[in-house]
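Below is one structure; the comments refer to it alone.
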Amino acid sequence: METITLEKLAENFQAKIDADIKIEPNDWMPENYRKTLIRQISQHAHSEIVGMLPEGNWITRAPSLRRKAVLLAKVQDEAGHGLYLYSATETLGVSREDTIDDLHEGKVKYSSIFNYPTLTWADMGAVGWLVDGAAIMNQVALCRTSYGPYARAMVKICKEESFHQRQGYEIMTNLMKGTALQKEMAQDALNRFWWPALMMFGPSDAESKHTEQSMRWRVKRYTNDELRQAFVDATVPQAELIGLTVPDPKLKWNEERGHYDFGDIDWDEFWQVVGGNGPCNKERIEARVKAKEDGAWVREAALAFAEKRKMRENQ
Ligand code: FAQ
């Protein structure tokens, strides 16, 4: 019988990727492909869950019943996204418990953006419009990622993110039709969230350590800088339409490139936040650890019930 060498397996794997055939959990895959996916998908899952905190903070203070219902639905959607993504991570052979413990012990990353505080109601507009807007730009591309369970999770997530982006833009639009104070609040939220939203796409292509390999494996379909540029191009006209000013003096349409030129990102700030020293890193992790501890009795009760049912079935 012919034995298949590691080289041949790797060659077949890359041929499948090049032919846009999805890789499924039981297929052979290089160990580094598996590790890359575990890192990216679990970071993504953690981002969805930690991302519930800055908006959850405003549910009790939403200015109307309609706004409260919409915000509540949005935050619940983020929980659902986290659960799909933890499930996708589990298909790669890691346990959900360990993955979550890694977050709580500060061993893994989650999106830098959720380490900024939400100070006013306008921040709910800015988060929906800019943060979900940036998330969609990145995630629409991930619907075509090479790993089947991740790609399929992304399809449903993108539909919901699209609603999130629109509700955020609607909040901003209404504030911009309001009083001088409301306009000022919207502008202030844009001022604070613009640069952190651009940082969501990750380090520049020159600095990104994973992009080249992830593009070859079609885990990523576009580079960090390509998606960041697409986001700027899509978002600047939306800001202008409702009378907001993007806080970047270097922002300028470049006719020749067919894109906006924009100013330099403060990468020191980015790495500080990613490294755990952002304005809210500590309180975000503390909130997640507390949620796990507070929910222990629910998990114990659910397990006890499952155990009891199994015993009854065996009688
Ligand atoms: N924050 O070599 P690269 C959302 C890390 S979902 C923190 O360029 P890669 C929904 C990176 O992981 C938002 N860490 O890495 C929502 C790597 O870490 P390592 C989350 C970052 O993977 C809305 C190192 O830096 N979305 O918002 C960040 O090729 C509203 C080197 O970077 C996703 O996770 C960052 N911004 O490209 C929820 C999408 N950027 O290896 C609630 C999936 C990079 O040192 C409310 N992920 N790092 O441990 C991706 O597409 C990619 O992982 C990138 C980074 C593009 C984020």
Side-chain angles (χ1 to χ4, degrees), residues 32 35-58 71 74-82 84-85 88-89 102-103 106-116 118 123-145 147 150-151 153-154 157-158 160-165 167-168 193 195-228 231 265 267 269-276 278 281 284:
N32 277 342
K35 283 195 180 140
T36 293
L37 284 170
I38 292 172
R39 173 188 58 81
Q40 180 166 324
I41 307 174
S42 66
Q43 282 182 5
H44 195 164
H46 299 323
S47 304
E48 300 281 356
I49 299 298
V50 177
M52 294 166 71
L53 296 168
E55 288 175 297
N57 178 36
W58 277 90
L71 187 60
K74 178 189 190 296
V75 174
Q76 282 179 334
D77 285 350
E78 310 299 358
H81 299 174
Y84 305 152
L85 290 166
T89 316
D102 282 348
L103 171 74
K107 291 185 190 157
V108 294
K109 300 184 172 74
Y110 57 91
S111 184
S112 47
I113 190 75
F114 302 116
N115 293 305
Y116 291 86
T118 43
D123 289 8
M124 296 304 95
V127 169
W129 172 40
L130 302 174
V131 176
D132 286 272
I136 298 172
M137 197 53 87
N138 168 280
Q139 289 170 352
V140 165
L142 289 175
C143 293
R144 293 191 302 117
T145 192
Y147 187 56
Y150 192 22
M154 277 300 130
I157 291 178
C158 279
E160 292 175 350
E161 300 288 26
S162 168
F163 146 69
H164 298 170
Q165 193 269 353
Q167 67 85 36
F193 276 93
W195 292 104
L198 296 195
M199 293 175 194
M200 285 176 70
F201 294 94
S204 71
D205 292 353
E207 299 295 324
S208 164
K209 59 181 171 189
H210 299 297
T211 295
E212 201 182 326
Q213 180 60 74
S214 288
M215 295 284 283
R216 217 172 301 131
W217 280 331
R218 299 196 180 172
V219 169
K220 287 167 84 164
R221 307 299 299 228
Y222 296 97
T223 70
N224 300 355
D225 285 336
E226 283 168 348
L227 290 171
R228 190 169 10 248
F231 173 75
I265 290 171
W267 293 114
E269 176 181 323
F270 172 74
W271 290 116
Q272 279 295 326
V273 176
V274 171
N281 296 57
R284 297 294 185 237

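Each ligand, and each atom within it, is numbered from 1 in the order the structure gives.
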inquiry  = Which of the numbered atoms in ligand 1 are under 4.0 angstrom from any heavy atom belonging to Gln139?
reply    = 6 (S)

ask   = Going by atom types only, do Glu78 and His164 share a side-chain donor-acceptor pair under 3.5 Å?
value = yes

inquiry  = Check the orientation of Tyr150 and His44. Use parallel for under 30°, tilted for 30 to 60°, and perpendicular for over 60°.
reply    = perpendicular

Short N or O distance, Trp271 and ligand 1, threshold 3.5 Å exclusive = no

message = Would Ser208 count as being in polar contact with ligand 1, using the rule that some N or O on each side must be under 3.5 angstrom apart?
response = yes

query = Protein heavy atom under 4.0 angstrom of atom 54 (C) of ligand 1, is there one?
reply = no

note = atom 37 (O) of ligand 1 has as its nearest protein heavy atom Lys220 NZ, 3.0 Å

query = N/O of Glu55 under 3.5 Å from N/O of ligand 1, yes or no?
reply = no

query = How many angstroms lie between atom CE of Met137 and atom CZ of Phe231, to the nearest 0.5 angstrom?
reply = 7.5 Å

task = State whether the shortest distance between N or O atoms of Ser214 and N or O atoms of ligand 1 falls below 3.5 angstrom.
result = no

inquiry  = Using a 3.5 Å cut-off on N or O atoms only, is His210 in polar contact with ligand 1?
reply    = yes

query = For ligand 1, which part of Met200 has a heavy atom less than 4.0 Å away: the side chain, the backbone, both, or neither?
reply = both

ask   = For Ser47 and ligand 1, does the shortest N/O to N/O distance drop below 3.5 Å?
value = no

message = Using heavy-atom distances only, which candidate in Glu161, Glu207, Arg39 approaches atom 22 (O) of ligand 1 most closely?
response = Arg39

ask   = So which protein heavy atom does atom 44 (C) of ligand 1 come closest to, and at what separation?
value = Pro203 CD, 3.6 Å

message = For Phe163, I'd like to know if atom CZ has over 12 heavy atoms of other residues, nucleotides or ligands within 6.0 Å.
response = yes

ask   = Which is it for Asn224 and ligand 1 at heavy atoms under 4.0 Å: side chain, backbone, both or neither?
value = side chain

message = Taking Lys107's backbone N and O only, do any of them form a donor-acceptor pair with Asp102's side chain (distance below 3.5 Å, no angle check)?
response = no

ask   = Any idea which part of Lys209 is under 4.0 Å from ligand 1, heavy-atom wise: side chain, backbone, both or neither?
value = both

Ser112 N/O to ligand 1 N/O under 3.5 Å = yes

Ligand 1 contact on Lys74 by region, counting heavy-atom pairs under 4.0 Å = side chain

query = Taking non-hydrogen atoms only, is Tyr150 closer than 4.0 angstrom to ligand 1 via side chain, backbone, both or neither?
reply = side chain

